Each structure stands twice: as C-alpha cells, then as structure tokens.
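Here's the structure, in structure tokens; my notes come after.
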Amino acid sequence: MSSAPFLLTQLNGALDRTTFNSGSEPLNKYLREQVSQDVRRRVAACFVATTDGKRIAGYYTLASASLLLSELPPGTGKKLPRYPTVPAVRMGRLAVDQDFKGQGLGGALLADALGRAVGSEIAAFAMMVDAKDETAVEFYRHHGFIALPDSPRTLFLPLATVQDLND
Ligand SMILES: CC(C)(COP(=O)(O)OP(=O)(O)OC[C@H]1O[C@@H](n2cnc3c(N)ncnc32)[C@H](O)[C@@H]1OP(=O)(O)O)[C@@H](O)C(=O)NCCC(=O)NCCS
C-alpha cells in the first residue's frame, strides 16, 4: 500500500461534502446526506482524506461488529475460542473521488483504518467489509482479505496479521 500526500482527519463541519464523486451514487449520497447523523448517533465513525482541509478526496467509516464463528473458514475458526461470535471492526464504506483514483489513496485509507483498529485498546479479531460488487471484492482480496465461504462478498482480515507487520 502506498501513502499519498493527503491529510487524514475525522469528518467535521468545515469539509465540503457536496462535490464528492466516487462514481457510486449510493456512496456519494451517504456522505452527503446520512453520515453526519450516523456519527451523531454513534453508529459509525467517519474519516476523510482531504487535499486542503476542505475538499474530500476519499472517506471511510468504521463501526463495531461481530463475526459468527461458524461463518469463518474452518482453518480460521478452529484456532479461536468456542464463543458463538468473535469481535470485529466493520469498514462500512470506503470510497475515493474519481479525480484521485489510482494514486494510492484507497490503499492509504485502508491502511489508516487497519492502523486504527490495531491501535485500539478494545480488542477485535478482524476487520470485516461487505464489498458492494466484484471489483470491490478484488480490491480487498488484493490487500489480503479473505472471503467468508458462504458469503463471498463479506471479507475479513485477521488483525493479528496487520499487527505482525507493524511489530
Ligand atoms: C476501490 C477504491 C476505493 C480504490 O481506490 P484507489 O485510490 O483507486 O486505489 P489505490 O490507487 O489506492 O490502489 C491501491 C492498490 O489496490 C489495487 N487496486 C485498486 N483497485 C483494485 C481492484 N478493483 N482490484 C484489485 N486491485 C485493485 C491497486 O492496483 C493498488 O495496488 P498496489 O498497492 O499493489 O500498487 C476506489 O476505486 C473506489 O472508491 N471505488 C468505488 C467505491 C468502492 O468500490 N468501494 C469499495 C468498498 S464497497
């Protein structure tokens, strides 16, 4: 993952959310109309990359989640305690404005999200994502995410693997 010359910050009122265009209307609309409410209600945290503290070049959201042990690939599930679920961090949305695609920003946002999850004092076994289409699945697989056997658009990355890279 390469790093890009962007400023990463938490969503705040000084940012212009109206011009963001990822090419996916649901992801644009979520940023325009829904995310502030979700942040206020504490159902999502939103982090953005800006070029100048105003224009949003990309964003992602994080929230607590859980994975059913029975959903995990057998090799992974076997190594975990026999609780019905394991804690996870969900990256609910990830999008880069079309003007900034292919410059390493998506990878940098993902790395930032993984860093926050690994650095948290609250334990989570994995980061998980629900990919919106096959292109997104390929993006996550490229970064080491593993698809759930019975829900191939839900992918996870054990955070221990990220921690090992940082140690
Ligand atoms: C998916 C998305 C976030 C990628 O952002 P980006 O800034 O263009 O990607 P980057 O330039 O950071 O690419 C990082 C790496 O991922 C790879 N990559 C990018 N898109 C990929 C894809 N669809 N499949 C496989 N690999 C991909 C790049 O080749 C690069 O590889 P490298 O680090 O080995 O050189 C962006 O295209 C986007 O916003 N798409 C629309 C919304 C979306 O699909 N979101 C996904 C969540 S549902």
Side-chain angles (χ1 to χ4, degrees), residues 1-12 15-39 43-68 71-73 88-119 124-159 161-166:
M1 292 174 213
S2 48
S3 56
F6 295 98
L7 183 69
L8 277 156
T9 174
Q10 226 160 351
L11 185 74
N12 64 65
L15 297 158
D16 176 10
R17 288 180 284 126
T18 59
T19 56
F20 182 79
N21 181 14
S22 64
S24 159
E25 190 42 31
L27 288 167
N28 301 343
K29 194 168 176 215
Y30 178 77
L31 183 67
R32 255 191 344 256
E33 297 177 11
Q34 181 71 38
V35 71
S36 302
Q37 212 172 65
D38 284 359
V39 169
V43 295
C46 180
F47 300 91
V48 303
T50 76
T51 47
D52 52 5
K54 229 177 147 188
R55 181 170 179 196
I56 297 176
Y59 81 93
Y60 69 84
T61 62
L62 293 182
S64 310
S66 60
L67 278 162
L68 279 171
E71 289 180 316
L72 294 171
V89 175
R90 183 192 303 277
M91 193 162 71
R93 289 171 173 86
L94 166 69
V96 168
D97 187 286
Q98 284 183 318
D99 286 351
F100 299 97
K101 277 190 187 165
Q103 299 176 27
L105 181 56
L109 288 169
L110 182 56
D112 189 68
L114 289 166
R116 285 178 202 280
V118 166
F125 165 69
M127 177 161 289
M128 63 182 291
V129 295
D130 289 308
K132 69 177 182 58
D133 55 29
E134 283 308 307
T135 309
V137 168
E138 284 313 309
F139 174 78
Y140 290 116
R141 288 173 59 89
H142 178 83
H143 289 95
F145 279 71
I146 303 159
L148 296 184
D150 294 332
S151 327
R153 289 228 177 135
T154 301
L155 299 97
F156 72 98
L157 183 68
L159 289 173
T161 59
V162 181
Q163 197 159 14
D164 288 348
L165 290 176
N166 291 345

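Reckoned from all heavy atoms, side chains included, excluding hydrogens, waters and symmetry mates. Source: prediction; values computed, not measured. One is the number of the first residue; the rest follow in order along the sequence. Ligands are counted one by one from 1 in listed order, and the atoms in each one are counted from 1 as well.
- Among the candidates Tyr59, Phe100, Phe47, the single residue satisfying the ring pair (Phe, Tyr, Trp, His ring centres under 6.0 Å) test with Phe6 is Phe100.
- Among Gln98, Arg153, His142, His143, the residue whose heavy atom lies nearest to atom 14 (C) of ligand 1 is His143.
- Of all atoms in ligand 1, numbered sequentially from 1 with element shown, those under 4.0 Å from a heavy atom of Gly102 are 6 (P), 7 (O), 8 (O), 11 (O).
- Salt-bridge formation is not detected for the pair Arg93/Asp38: no Lys NZ or Arg NE/NH1/NH2 atom is positioned less than 4.0 Å from an Asp or Glu carboxylate oxygen.
- Proximity of a side-chain donor or acceptor of Arg17 to a complementary backbone N or O of Leu31 within less than 3.5 Å is detected.
- Ser22 and Asp97 form no side-chain donor-acceptor contact under 3.5 Å, judged by distance and modelled atom types alone.
- Heavy atoms of Tyr140 found under 4.0 angstrom from ligand 1 belong exclusively to the side chain.
- Among Lys101, Lys132, Gln103, the residue whose heavy atom sits closest to atom 43 (C) of ligand 1 is Lys132.
- Which parts of ligand 1 touch Gly104 is read off a 4.0 Å heavy-atom cut-off, strictly below it: atoms 10 (P), 11 (O), 12 (O).
- Those atoms of ligand 1 with a heavy atom of Ala95 less than 4.0 angstrom away are 39 (O).
- In this structure, Ser24 falls outside the shell of residues with a heavy atom less than 4.0 angstrom from ligand 1.
- Contact between Gly23 and ligand 1 is absent, with no heavy atom of the residue lying under 4.0 Å from the ligand.
- Once rounded to the nearest 0.5 Å, the distance linking CD of Glu138 with CG of Asp133 reads 10.5 Å.
- Residue contacts with ligand 1, taken as heavy atom pairs separated by less than 4.0 Å, do not involve Val129 at all.
- Atoms of ligand 1 lying under 4.0 Å from any heavy atom of Ala136, numbered from 1 in the order shown and given with element: 44 (O), 46 (C).
- Shown here for Met128 and Ser66, the closest heavy-atom pair between the two residues is SD-O, 4.0 Å.
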Would Glu134 and Arg141 count as a salt bridge (charged side-chain N to carboxylate O under 4.0 Å, His left out) here? Give the steps.
CA-CA 10 Å; Glu134 283 308 307; Arg141 288 173 59 89; over 6 Å; no
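- Considering each of Thr135, Asp97, Asp130, Leu109, the one bringing a non-hydrogen atom nearest atom 23 (N) of ligand 1 is Thr135.
- Nearest approach of Thr61 to Ala44, heavy atoms of both residues: CB-CB, 4.4 Å.
- Listed by number with element, the atoms of ligand 1 under 4.0 angstrom from any heavy atom of Leu27 are 42 (C).
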